[in-house]
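Remember, it's a predicted structure, so these values are computed and weren't measured experimentally.
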Amino acid sequence: MAACPFLLRPSGKDYLWGGNRLKDDFAKNIDLTPLAETWECSTHPDGPSFVDSGRFSGQALSVVLEMHPEYLGTHPCANGELPILIKFIDAKEDLSVQVHPDDSYAMKYENGQSGKSEMWYVLDADKDAKLVYGLIHECDKQTIKKAVETGTIMGYLQKVPVKKDDLFFIEAGTIHAIGAGTLLAEIQENSNLTYRLYDYGRTGKDGRKRSLHIDKALEVANLGRMAGPAQPPRVLKYRNGEASELLCRCKYFEVHRIILNTGKRSVYYKADEISFRVLLCLEGCGSIKFENEILDFEKGRCIFVPANSVGINIYGRAQFLEVRG
């Protein structure tokens, strides 16, 4: 039996570097200050999302997918659980300099967890906003460790200017940091493994410096010189009421940007049996009609479309990230 789409409600995070734009710009009604992240589509226990419409309303997405594993599709990447995690991130201040392990390291040393490669799509950025992307030149572990201890590590890191609509793929092992004044959507593996290499000597709410994971970070980090992350060529493909472009395709996920402007018409949409789809609304609003139901959506909303879904008709003027497993 074909399944119906449903809205999701996120968990939030009040990390010290966050701001208020997820409340102000995306109407996130979460009682946290600051609101640094919202985990929009997640089955991770550190930040689950919940169904917010239909017959499963109020239930954790993880519970629904346990009851209906067919919603994930037949793609081997799913392997019985949601393989991705989708977030909004508001960096009012610089994030820590960090690195994520790959799958093989995480499997061996982190109790069988997944590693973490991720994609960033920049929604907005201050004029001088930058991100950290790898090293300026090749270094050894001892050099980087000493630079962390002496507070000179920033001189070894490559800073890249960012602007709205930029796209970055952060492969596991890449030393990185989101810079102050950046608002973005993140699509990543279903993992919360982060090794913090440097945190500017900041203290948390308890007055203590946040913990670092220097040895683990250096075990997994790519310490070679990183070429600047070139923006990949992007080609919009148009059809009636819709334009789309491929942003990223890797072994963990595939991401498209969809621009919708239907007028009185609609765009027909359906997930095949291979993979679920997630539609993250970045701008605009509209409605989804299927069978005898209507789902209204607006900027900031996240929609889960199960694999082998019913056919749906989408109306409105909006922009989405479409994520497939």
Side-chain angles (χ1 to χ4, degrees), residues 12-22 32-39 46-47 87-101 105-106 109-110 115-116 118 120 122 124-162 168 170-184 186 188 191-226 228-229:
K13 300 292 182 181
D14 61 349
Y15 303 136
L16 58 84
W17 43 261
N20 291 305
R21 294 194 62 180
L22 298 182
L32 293 175
T33 302
L35 183 58
E37 297 183 356
T38 53
W39 293 23
D46 291 348
K87 303 174 180 177
F88 284 126
I89 300 177
D90 173 23
K92 183 178 180 181
E93 300 178 12
D94 292 332
L95 273 68
S96 61
V97 178
Q98 55 191 237
V99 62
H100 307 305
Y105 186 94
Y109 296 105
E110 298 289 356
K116 187 176 173 185
E118 57 197 24
W120 296 339
V122 179
D124 198 14
D126 291 350
K127 181 180 178 181
D128 298 322
K130 293 181 174 64
L131 60 82
V132 168
Y133 184 85
L135 300 178
I136 297 171
H137 53 76
E138 184 175 356
C139 294
D140 56 34
K141 292 180 184 178
Q142 292 74 24
T143 299
I144 297 300
K145 187 172 185 178
K146 183 176 180 180
V148 169
E149 292 170 347
T150 59
T152 58
I153 182 64
M154 299 306 292
Y156 293 82
L157 303 177
Q158 180 173 217
K159 289 87 171 178
V160 180
V162 297
F168 300 93
I170 310 297
E171 188 174 10
T174 303
I175 297 173
H176 65 277
I178 300 171
T182 307
L183 181 70
L184 57 81
E186 177 177 284
Q188 58 163 90
S191 172
N192 197 28
L193 284 175
T194 295
Y195 299 152
R196 197 178 291 129
L197 184 61
Y198 182 68
D199 197 36
Y200 320 98
R202 291 186 295 201
T203 57
K205 292 181 178 179
D206 59 2
R208 299 178 181 178
K209 289 185 179 181
R210 298 202 298 171
S211 59
L212 301 179
H213 319 96
I214 299 171
D215 291 336
K216 280 188 174 182
L218 293 177
E219 279 295 315
V220 303
N222 176 0
L223 299 181
R225 178 185 179 277
M226 296 286 288

Kindly give the heavy-atom pair with the smallest separation between A125 and V122, and that separation in Å.
CB-CG1, 4.1 Å
More than 12 non-hydrogen atoms from neighbouring residues, nucleotides or ligands closer than 6.0 Å to CZ on R202, yes or no?
yes
Q98 meets the side chain to side chain contact (heavy atoms under 4.5 Å, CB included) criterion, sequence neighbours left out, with S96, H100, H176, T194
Nearest atoms (heavy-atom pairs only) where L16 meets G204:
CD2-CA, 3.9 Å
Taking C-beta and beyond as the side chain, do D90 and T38 meet within less than 4.5 Å on heavy atoms?
no
Tell me whether E110 is salt-bridged to K116, with the criterion being a basic N under 4.0 Å from an acidic carboxylate O.
no
CG (L223) and CZ (R225) are apart, to the nearest 0.5 Å, by 14.5 Å
Step by step, work out the side chain to side chain contact (heavy atoms under 4.5 Å, CB included) result for L184 and F168.
CA-CA 11 Å; L184 57 81; F168 300 93; over 6 Å; no
Separation between CE of M154 and CG of D94, rounded to the nearest 0.5 Å:
6.5 Å
Test side chain to side chain contact (heavy atoms under 4.5 Å, CB included) applied to K146 - qualifying residues, sequence neighbours left out:
T150
Sorted by chain and residue number, the side chain to side chain donor-acceptor pair (under 3.5 Å) partners of N192 (sequence neighbours excluded) come out as D46
Would you say the side chain of Y156 lies within less than 4.5 Å of the side chain of T143, judging by non-hydrogen atoms?
yes
Quick one: are I175 and M226 in side-chain contact, heavy atoms under 4.5 Å?
no
Output yes when D199 and R210 qualify as a salt bridge under the 4.0 Å nitrogen-oxygen rule, no when they do not.
yes
Give a yes or no answer on whether the side chain of K159 reaches the backbone of L157 with a donor-acceptor pair at less than 3.5 Å.
yes
I want to check something: taking the side chain as every heavy atom from C-beta on, are F88 and R21 in contact at a cut-off of under 4.5 Å?
no
Is any side-chain heavy atom of K209 closer than 4.5 Å to a side-chain heavy atom of T203?
yes
Is the side chain of E186 donor-acceptor paired with the backbone N or O of I89 at a distance under 3.5 Å, no angle test?
no
Roughly how far, to the nearest 0.5 Å, is the CG atom of L218 from the SG atom of C139?
10.5 Å
Taking the inter-plane angle between the rings of Y198 and Y200 on a 0 to 90° scale, is it parallel (under 30°), tilted (30 to 60°) or perpendicular (over 60°)?
perpendicular
Heavy-atom closest pair, residues G18 and P34
O-CB, 3.2 Å
Rounded at 0.5 Å granularity, tell me how far CZ in R196 sits from CG in L95.
9.5 Å
If I take atom CG from residue L131 and atom CD from residue Q158, how far apart are they, to the nearest 0.5 angstrom?
9.0 Å
With side chain to side chain contact (heavy atoms under 4.5 Å, CB included) as the criterion, how do T182 and D126 come out once you've worked through the C-alpha distance, each side chain's angles and the decisive distance to 0.1 Å?
CA-CA 7 Å; T182 307; D126 291 350; over 6 Å; no
Between CG of D124 and CG of L183, what distance do you get to the nearest 0.5 Å?
6.0 Å
Do side-chain atoms of E171 reach the backbone of T174 as a donor and acceptor pair under 3.5 angstrom?
no
Taking the inter-plane angle between the rings of H213 and Y195 on a 0 to 90° scale, is it parallel (under 30°), tilted (30 to 60°) or perpendicular (over 60°)?
tilted
Run the numbers on V99 and N222 for side chain to side chain contact (heavy atoms under 4.5 Å, CB included), then give the verdict.
CA-CA 9 Å; V99 62; N222 176 0; over 6 Å; no
Starting from the C-alpha separation in whole Å, work towards a yes-or-no answer on side chain to side chain contact (heavy atoms under 4.5 Å, CB included) for L135 and I144.
CA-CA 10 Å; L135 300 178; I144 297 300; 4.1 Å; yes
Between K141 and D215 (salt bridge meaning N to carboxylate O under 4.0 Å), is one present in this structure?
no
Quick one: closest heavy-atom pair of L197 and L212, and the distance?
O-CD1, 4.0 Å
Closest heavy-atom pair, A180 versus A129, reported as atoms and distance to 0.1 Å, is O-CB, 3.7 Å
Minimum heavy-atom distance I178-A91, with the two atoms named:
CG2-CB, 3.8 Å
